[in-house]
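Report on the structure given below.
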Amino acid sequence: MTASPKGTPHARASRLIPHSNSSHMSLVTRFAPSPTGFLHIGGARTALFNWLYARRMKGVFRLRIEDTDRQRSTPEAIEAILEGMQWLGLNWDDEVVYQFARAERHAEVAKQLVAKGLAYHCYASPEELEEMREQQRKAGKPIRYDGRWRDKPASDSRPNVPPVVRIKAPQSGETVIADKVQGEVRFSNEVLDDFILLRSDGTPTYMLSVVVDDFDMGVTHIIRGDDHLTNAARQRQIIDAMGWPAPTYAHLPLLHGEDGQKLSKRHGALGIHEYKNLGYLPETMRNYLLRLGWSHGDDEIISTQQAIEWFNLDSIGQSPSRVDFKKLDNLNGHYMRQASDAMLADGTMALLKAKGIAVTSDLHTKLVEAMPGLKERAKTLVELADGAYFLTAKRPLELDDKAKKLLTPEARAILRGAGKALEATDWSAQALDEATRAYAEQSALKLGAVAQPLRAALTGRTTSPGIFDVLVVLGRAESLGRIGDQAAG
RNA sequence: GCCCCCAUCGUCUAGCGGUCUAGGACGUCGCCCUCUCACGGCGAAAACAGGGGUUCGAGUCCCCUUGGGGGCGCCA
C-alpha cells in the first residue's frame, strides 16, 4: 500500500539531461496547466505541491502553459493562471514556457522516432476509426487502435491522405510506473495502443508535447493529478523510445467537492481568484491546500516556512479528499487573528472601495484602531468589512431588525441616562467603562441592559466588538450623536 | 465494456502487525469566561465499508465483493 522509492532516477537524469551546466544537477518540478479556464483549487494544490517540493529540495520550479489547444486556450485564462499563482505566492523560476511555441521541436522528435522505426504513418480516417471503436464496443472488447497500419510497407501509403504519426508501442510485456504516491503501477502493454504522436496536420498531440517539454525543461519530478496516471504509461513509452531518462512520478488523488462528487463549477471548483474575493488569505490557502492530502502527524497549523522544511512526497495520501469550507473558514480566522492590523485594514479598505464606499485615510486609521476587536470576530476579509459597518455608517444609522427590536421604549430611556453619564466622562475605554458600570449600578441594571442598547445605537447591530472600544474608536462627538439619535427616537 | 487508482469519526487526517478500550483538527452538542457576538478554556457524541484468508496476534499484509474516482480522442 505504501509507495516506496523505486530506483534513483535523478542519478541517471544528471547524466543525460541537457543544459546541466553545473556539476550538481538540481531537481526540477513543474506546473503545467492548460489555459482553457481559470486556475481552480485542484490545480492550485498541484501547483503548491510542486512549488513546495522544489523549494524544499532547493530545486527549480517551472511553469509551462499548455496552450496547444488553439480552440480552447485563451489569453484571459493565461492571465488568470499567472495572477492566481502570484496571489498564492507560488513564484516560479525561469521564463514561462509556452507549449504551442515549441510545436516544431515536438514534431521533430516524432520524425526521429519514425526514422528509428519506432513510430509510423497511419492513414486511417477518423470515420474508419470510429467504426472500429463502435465494433469493439459492441463486441465488449477494449477500445483501442488495432494497429492496422503498424506493419504496412511504405508502398501502401495513400498519396492524397495526410497521415498521422503513431508510436509503435510494445505489444507484449508491461509498462511500469514507479509512482511515489500510488506505488508501483503496472500496465499490460496489450491494453496500451499505438496512440497518435503527430496529427494529420503535423501538429503534436499532448502526449508527445508533454514528454518532449519535460525532457527539454530538465524536469526530474512530475507531480500532477491522478487523472494522468494512465497517461504516464503512454508517456513512458515515448520516453523509452527516445532513450531518455524517466522522471519520478507522483500522481495526486483528485479533489472532490463537498458532496463527494467530482469537483465541478458548483462544487467548489471556483477559480482561485474567487477565494480571494471571498476574503481568504493566501497563507490560509497554502496551509489548507497542503493539508488536503498531505500530513505531518497531527499538525494542522503549518506556516509556509514550516511547510517548506517538512514537505515530502512520502506523506502524500492516496485517497481523494473533499474541500470543506468550514475548515477553510476556521483556518482563515486563525491567520486573520495573526495578521497585522494594518494589513487587514488595507484588505478591508479594498473591499469597501469595491462596494462603492468612500474610503479615506481617516477611515483607515479607525480601522486599524478597531481591528483587534474586529478581527477576532471575522473569518474572512468579507466578514471583516461587514463588521466594520459601524465605522462607515452615517448618522442617523440604519438599524438592522434585531437592533430595532432591542430598542424598546425602556431601552431608549436607558440610552438617555447612559448618554448623560458618558457625556460627563473622559473619553478613554477605562473611564467609559467605569462610568457605564456606575450608571448601571445606580439604576439597578445589569451592565448588559445598558451595553446592548448602546451597541444598537452605536453600531446598528446587536453584535459588535467590545462596546467601550467602539465608543473610543467612534470618538466623543459621533458616539454621543448616535446615542442621541436613538434616545430621541 | 476494458484498464488503472482509492476506501479510518459528517469532513480533513494520525496510524506504517502487538503501545488502538483507534489519536488530532474542523464541524456539531454541553459547560466556563462574558456588555453582545466572537476569541479562549474544559468536556461529550462521532470511524477502521462487508466477507474471506495469512499470523500467536490485523485498522495495519493478501484476495474477493461493494462503493467512489480516473482513463480508454487527430482534447489537454
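- For a distance-only test at 3.5 Å, the side chain of R291(A) fails to qualify as a donor-acceptor partner of the base of U11(B).
- For F49(A) and W294(A), the gap between ring centers reaches or exceeds 6.0 Å.
- Counting any heavy atom pair closer than 4.0 Å across all strands shown, F187(A) reaches sugar-phosphate atoms only and no base atom.
- For L254(A), taking side-chain heavy atoms from C-beta onward, the closest of the listed nucleotides C12(B), G69(B), A76(B) is G69(B).
- Using a 4.0 Å heavy-atom cutoff across all strands shown, K379(A) reaches sugar-phosphate atoms only and no base atom.
- Within the 4.0 angstrom heavy-atom criterion, only backbone atoms of the sugar-phosphate kind lie near V185(A); the bases stay farther away.
- A distance of about 42 Å separates the P atoms of A44(B) and C5(B), rounded to the whole Å.
- As judged by a 4.0 angstrom heavy-atom cut-off over every strand, N231(A) is placed among the base-contacting residues.
- Using a 4.0 Å heavy-atom cutoff across all strands shown, H228(A) reaches at least one base atom of the nucleic acid.
- What separates CH2 of W294(A) from P of G15(B) is a distance of 11 Å, to the nearest Å.
- If you check every strand for non-hydrogen atoms under 4.0 Å, E300(A) touches a base.
- Judged by distance alone with a 3.5 Å cut-off, no donor-acceptor contact links the side chain of D227(A) to the base of G71(B).
- Contact annotation: side chain of S200(A) to base of C74(B), donor-acceptor pair present below 3.5 Å.
- Within the nucleic acid shown, I467(A) comes within 4.0 Å of at least one base atom, counting heavy atoms only.
- Heavy-atom nearest nucleotides on RNA chain B were determined for S321(A) and for D201(A), and the one closer to the 5' end corresponds to S321(A).
- Rounding to whole angstrom units, CD of residue E127(A) and P of C74(B) are separated by 12 Å.
- Nucleotide C35(B) is matched to nothing when pairs are restricted to Watson-Crick or G-U wobble geometry with both distances under 3.5 angstrom.
- Ring geometry for Y280(A) against Y275(A) counts as tilted: the plane angle lies between 30° and 60°, on a 0 to 90° scale.
- Atoms CZ (R70(A)) and C1' (A76(B)) sit 13 Å apart, rounded to a whole Å.
- Looking at V165(A), I167(A), D194(A), V114(A) one by one, the single match for side chain to side chain contact (heavy atoms under 4.5 Å, CB included) with Y120(A) turns out to be D194(A).
- The minimum heavy-atom distance between V450(A) and A440(A), with the atom names listed, is CG2-CB, 3.8 Å.
- Across the protein-nucleic acid pair, D179(A) atom CG and G70(B) atom C1' stand 13 Å apart, rounded to whole Å.
- The C1' atoms of C62(B) and C72(B) are separated by 29 Å, rounded to the nearest whole Å.
- Between the side chains of D146(A) and Q136(A), no donor-acceptor pair is found at a separation under 3.5 Å.
- With a cut-off of 3.5 Å on both Watson-Crick or G-U wobble distances, the partner of G43(B) is given as C29(B).
- Going from atom CG of D329(A) over to atom P of A25(B) covers 18 Å, rounded to whole Å.
- When the C1' atom is compared between C20(B) and A14(B), the two are found 12 Å apart, to the nearest whole Å.
- Proximity of the aromatic rings of H40(A) and F38(A) is defined here by a centroid distance below 6.0 angstrom, and this criterion is not met.
- In this structure, A7(B) and U66(B) make a Watson-Crick or G-U wobble pair, each of the two defining distances being under 3.5 angstrom.
- W92(A) has its side chain within reach of V96(A): a pair of non-hydrogen atoms, C-beta onward, lies under 4.5 Å apart.
- Residue contacts for T462(A): at a heavy-atom cut-off of 4.0 Å it reaches a base atom on one of the strands shown.
- Taking the six-membered ring where tryptophan is involved, the planes of H121(A) and Y123(A) are tilted, since the angle between them lies from 30° to 60°.
- Distance CG (D314(A)) to P (A14(B)): 13 Å, rounded to an integer number of Å.
- Of the candidate nucleotides C3(B), C5(B), C72(B), C72(B) has the atom lying nearest to any side-chain atom of R234(A).
- Rounded to the nearest Å, the gap between the P atom of C74(B) and that of G15(B) is 43 Å.
- Nucleotide C74(B) has no partner under the Watson-Crick or G-U criteria, as no pair reaches both atom distances under 3.5 Å.
- The separation of C63(B) from G10(B), taken at their P atoms, amounts to 27 Å, rounded to a whole angstrom.
- Contact between the side-chain N/O atoms of T230(A) and the OP1/OP2 oxygens of C72(B) is not found at any separation under 4.0 Å.
- S295(A) comes within 4.0 angstrom of sugar-phosphate atoms only, judged by non-hydrogen atoms across all strands, and of no base.
- Residue K141(A) places its NZ atom among 12 or fewer non-hydrogen atoms of other residues, nucleotides or ligands, all under 6.0 Å distant.
- Atoms CG (D469(A)) and P (U36(B)) sit 14 Å apart, rounded to a whole Å.
- For the C1' atoms, the distance from G43(B) to C33(B) is 15 Å, rounded to whole Å.
- Within 4.0 Å (heavy atoms only), T463(A) reaches at least one base atom of the nucleic acid.
- If you check every strand for non-hydrogen atoms under 4.0 Å, R144(A) touches nothing.
- Contacts of P126(A) with the nucleic acid, taken as non-hydrogen atoms under 4.0 Å apart, include base atoms.
- At G40(B), one or more side-chain N or O atoms of R337(A) fall inside 4.0 Å of OP1 or OP2 (strictly under the cut-off).
- Rounded to whole Å, the distance from NE2 on H256(A) to P on C12(B) is 10 Å.
- A sub-4.0 Å separation between OP1 or OP2 of C3(B) and a side-chain N or O of S188(A) is absent.
- For H296(A) and N312(A), the side-chain atoms include no donor-acceptor pair closer than 3.5 Å.
- Nucleic acid contact for R455(A): base, since at least one base atom lies under 4.0 Å from a heavy atom of the residue.
- Comparing G71(B) with A49(B), their P atoms sit 26 Å apart, to the nearest whole Å.
- The residue among A451(A) and R186(A) whose nearest nucleotide of RNA chain B lies closer to the 5′ end is R186(A).
- For M207(A), whose side chain is taken as the heavy atoms from C-beta onward, the closest listed nucleotide among A76(B), C74(B), G70(B) is A76(B).
- Here the nucleotide nearest the side chain of Y206(A), chosen from G73(B), U11(B), A76(B), is A76(B).
- Contacts of P465(A) with the nucleic acid, taken as non-hydrogen atoms under 4.0 Å apart, include base atoms.
- For the P atom pair drawn from A45(B) and G23(B), the interatomic distance equals 11 Å after rounding to whole Å.
- Side-chain atoms of K327(A) come within donor-acceptor range of the base of C12(B), with a qualifying N/O pair under 3.5 Å.
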